[in-house]
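Reading through the structure tokens given below for one structure.
Start at 1 and go down the list; that is how both ligands and their atoms are numbered.
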Amino acid sequence: MNISFDKQIGSLEREILLKSVEIHDSGDDFQFELNKFFSQEEIIAIAPRCIRCNMCVDQCPVDAIEPANIFKIAKITQNCVKCEICVQTCPVSAIKLIDNKVSYNYDDGDEA
Ligand code: SF4
Ligand code: SF4
């Protein structure tokens with residue numbers, strides 16, 4: 001079988017060398033602008049004081065709570081839509097809505 005290359009070996013070597021330089025670029029001169037940034041995430045979490053009654057599991061409209069058993073407390077899963085029905089339902093207030101906020105203002109040099 002005959003194999004022919006469209007490019008000369010010298011030209012291929014130069015291309016590879018140039019691409020290697022691009023790959024090993026340290027990115028020191030890379031800049032981006034981030035003047036203002038705000039992010040907010042609400043998380044529903046169950047505290048260890050859960051008494052494993054599973055009332056929250058029965059009330060959740062989207063089946064987002066893994067039931068408690070003798071080995072583990074109830075657990076909120078990713079299907080949670082944060083309606084907070086379980087927060088109202090729990091007889092020992094073991095379920096909380098945690099409001100996680102991050103804001104950054106470049107002008108103030110402020111981060112919260
Ligand atoms: S309702 Fe409260 S105590 Fe009962 S399983 Fe859910 S988190 Fe635990
Ligand atoms: S907040 Fe609503 S959707 Fe999320 S686990 Fe509780 S009852 Fe289910």
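For the pair Thr77 (side chain) and Ala64 (backbone), a donor-acceptor distance under 3.5 Å is present. No donor-acceptor distance shorter than 3.5 angstrom exists from the side chain of Asn100 to the backbone of Glu42, with no hydrogens or angles considered. With hydrogens and angles disregarded, no donor-acceptor distance shorter than 3.5 Å links the side chain of Arg52 to the backbone of Ala74.
Closest to atom 5 (S) of ligand 2 among all protein heavy atoms lies Ile65 CG1, 3.5 Å.
Set against the non-hydrogen atoms of Ile46, the atoms of ligand 1 under 4.0 Å away are 7 (S). Taking every non-hydrogen atom of Ile95 and a distance limit under 4.0 Å, the qualifying atoms of ligand 1 come out as 7 (S). Close approach of ligand 2 to Ile76 (heavy-atom distance below 4.0 Å) involves ligand atoms 5 (S).
Side chain to side chain, Asp99 and Gln40 meet the donor-acceptor criterion of an N or O pair below 3.5 Å.
Counting heavy atoms of neighbouring residues, nucleotides and ligands inside a 6.0 Å radius, atom NZ of Lys72 exceeds 12 of them.
Between the SG atom in Cys90 and the CG atom in Asn54 there is a gap of 10.5 Å [rounded to 0.5 Å]. To the nearest 0.5 Å, atoms CG (Asn79) and CD (Glu66) are separated by 10.0 Å. Here NZ of Lys75 is found 13.0 Å from SG of Cys80. Values are rounded to the nearest 0.5 Å.
For atom 4 (Fe) of ligand 1, the count of nearby protein N/O/S atoms, taking only those under 2.8 Å, is 1. Each protein N, O or S atom less than 2.8 Å from atom 2 (Fe) of ligand 2 was counted, giving 1.
No path of Ile, Leu, Val, Met, Phe, Trp and Tyr side chains, each step under 4.5 Å between heavy atoms, connects Val62 with Leu97, placing them in separate hydrophobic clusters.
In terms of heavy-atom proximity, Pro67 sits nearest to Val57 at CA-CG2, 3.7 Å.
Put simply, the side chain of Ile65 reaches to within 4.5 Å of the side chain of Cys86, judged on heavy atoms.
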